[in-house]
Protein chains: 2
Amino acid sequence: MDIQFLLRTPLFLGAAPEELESLLAAMEATQRRFPRGEGILRAGEDTARFYLVLSGGVTVEHHDAWGNRTILGHVAAGEVFAETYACLPQQSMMVSAVASQETVLLSLNAAALLTHSCPSRDLILTNLLRITAEKNLALSRRIFYTSSKTIRGRLLSYLSDQAVLQGSLTFSIPFDRQQLADYLGVDRSALSNELSKLRREGLLTTRKNRFSLLTQADLP
Amino acid sequence: MDIQFLLRTPLFLGAAPEELESLLAAMEATQRRFPRGEGILRAGEDTARFYLVLSGGVTVEHHDAWGNRTILGHVAAGEVFAETYACLPQQSMMVSAVASQETVLLSLNAAALLTHSCPSRDLILTNLLRITAEKNLALSRRIFYTSSKTIRGRLLSYLSDQAVLQGSLTFSIPFDRQQLADYLGVDRSALSNELSKLRREGLLTTRKNRFSLLTQADLP
DNA sequence: CTCCATTTGTTGTTAAAACAACATACTTAT
DNA sequence: ATAAGTATGTTGTTTTAACAACAAATGGAG
């Protein structure tokens, strides 16, 4: 296990290398590998465990009765998911988690945290509070992206926000076209169509998951 | 100040009456009254304070550049808001808060919590963690309600969920029609129209903010 | 009670996205 | 290198909601 990596994650940030070991033991940390596309957690299950992504990535999604998929967000390496449900053990999952690529997870038992017998309890608690607050912002953002009634508006609000968050007009997104459509709540073919229009109008270029937003200076 | 009321709120739940006073002092608690419709917090501001609703109610909303309103949620008496931003002081507000009726708030300084010098720190921290986790669920639900592409689908998912959450097929919602439209991300007149259809089809009845979902047994 | 203001409901038109079906481009394995 | 499978792009049709403008109902204030 890469201790240096763990110490830089939002969950363990601020921990001393020595205390990390006892923490991992107290939380019954176990490692597990998932191939691309494999389900990790299903809606309806209860879980007292939450997960830290060691490598790869995970999408958090919801499937309605007719099979329509809604993507709530993407969890990258170093981040955690299912911590909401681990904090509220009485709640059963409303979402599923799926490996969006070959992924290695660290599974952690939250019960130790919620009882008073955890080493570094205060540190992990404040870190978890920060993490859930950040997730609130991520969910709020996803709501803003889908608040426009037009596909173009949704795309531009999402993409320009990504440019800001990633600090560059050229950036990658963690979704393919179908996933982006399910994240923005629109039809995939209509999304592709709108992207083509934006390209034709010289507002952006795309190459797979990589987008470049063009400014006046980029025009011919 | 109604101590008994405070001790039953999710924020102070589990506190001893004696420690509540020192807590309120440490968090520099001050009370303030807002008439219906008045803005409490504006998007763009920073805030290290968060707010507990003593009476009344607050809507959390977002206004885009064209003046379109998106409602993220409603905060009822006993609940708190802006705690996300209080936990992440570097973030400026993406949303505004508006009194949806005559409202009395308790304003609290979060700085005391985040430093290590707070009485009952552990209790408030775990309570806040639970609260932000619950907010995550509330935001996730709002996303699910808007995941259907039809107004009918959005209405039915919202209303049937409310029936479950409130434990009765007859229930009140904290929104008028315009607010409900802005919460579900649809046009108000189209929403009214769809509600009329649902009434005509015998699926529900409405009286102001009060809805009744009808089952087979209610049919004539 | 009456008047004014606000909220809710109704209707017709227009714009936009969903949907379906297909074409093209990319990947990956053999 | 080829073939199969997946992802992306394109086009035409249909459905649906947005929009606009107005009517009806509701709720206070004088």
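Owing to the predicted nature of the structure, the values given are computational and were not obtained by experimental measurement. To find a chain, count down the sequence lines: A is the first, B the second, and so on, and within it residues start at 1.
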- Nearest-neighbour nucleotide for the B:Ser196 side chain, C:dT8, D:dT8, C:dT10 considered: C:dT10
- Item | A:Leu180 CG to D:dG9 P, straight-line distance once rounded to whole Å | 11 Å
- Interatomic distance, A:Leu195 CG vs C:dA25 P [rounded to whole Å]: 18 Å
- Gap between atoms CD and P, on A:Gln101 and C:dT27 respectively (whole Å): 16 Å
- Item | Check: B:Leu13 and B:Arg130 side chains under 4.5 Å, non-hydrogen atoms | no
- Whole-Å distance separating the CZ atom of B:Arg200 from the P atom of C:dT11: 7 Å
- Give one of base, sugar-phosphate or nothing for A:Arg207, where a contact means two heavy atoms less than 4.0 Å apart. nothing
- Query: Would B:Lys135 and B:Glu83 pass as an ion pair if we require N to O under 4.0 Å?
  - Reply: yes
- Task: Start with the C-alpha distance between B:Leu106 and B:Leu6, add both sets of side-chain angles, then the distance that settles side-chain contact (heavy atoms from CB on, under 4.5 Å), and finish with yes or no.
- Result: CA-CA 10 Å; B:Leu106 191 66; B:Leu6 287 182; 4.2 Å; yes
- Value rounded to 0.5 Å, distance of OG1 in B:Thr132 from CG in B:Leu137: 10.0 Å
- Measure from CG on A:Leu198 to P on D:dT8 and round the result to the nearest Å. 17 Å
- The side chain to side chain donor-acceptor pair (under 3.5 Å) partners of A:Arg141 (sequence neighbours excluded) come to none
- In whole Å, what is the span from the CG atom of A:Asp176 to the C1' atom of D:dT8? 10 Å
- Message: When you compare the side chain of B:Ser147 with that of A:Asn68, does any pair of heavy atoms fall below 4.5 Å?
- Response: no
- Would you mind telling me which of D:dG9, C:dT7, C:dT8 lies closest to the side-chain atoms of B:Arg36? C:dT7
- Mapping A:Asn193 and B:Lys208 to their closest nucleotides on DNA chain D, which lands nearer the 5' end? A:Asn193
- Message: Taking 4.0 Å as the cut-off, does a side-chain nitrogen or oxygen of A:Arg152 come that near to OP1 or OP2 on C:dA16?
- Response: no
Output a table of nitrogen or oxygen pairs between the protein and nucleotides 18-25 of chain D separated by less than 3.5 Å.
{"from": "D:dA18", "atom 1": "OP1", "to": "B:Asp187", "atom 2": "N", "distance (Å)": "3.4"}
{"from": "D:dA18", "atom 1": "OP2", "to": "B:Asp187", "atom 2": "N", "distance (Å)": "3.0"}
{"from": "D:dA20", "atom 1": "N6", "to": "B:Ser189", "atom 2": "OG", "distance (Å)": "3.3"}

- Query: To the nearest angstrom, how far is B:Asp182 atom CG from D:dA17 atom C1'?
  - Reply: 15 Å
- Message: Can you tell me which nucleotide in D:dG9, D:dA17, C:dA16 comes closest to the side chain of B:Glu194?
- Response: D:dA17
- Given A:Phe211 and A:Gln162, is the side-chain contact (heavy atoms from CB on, under 4.5 Å) satisfied, shown in steps? CA-CA 10 Å; A:Phe211 289 73; A:Gln162 285 307 304; over 6 Å; no
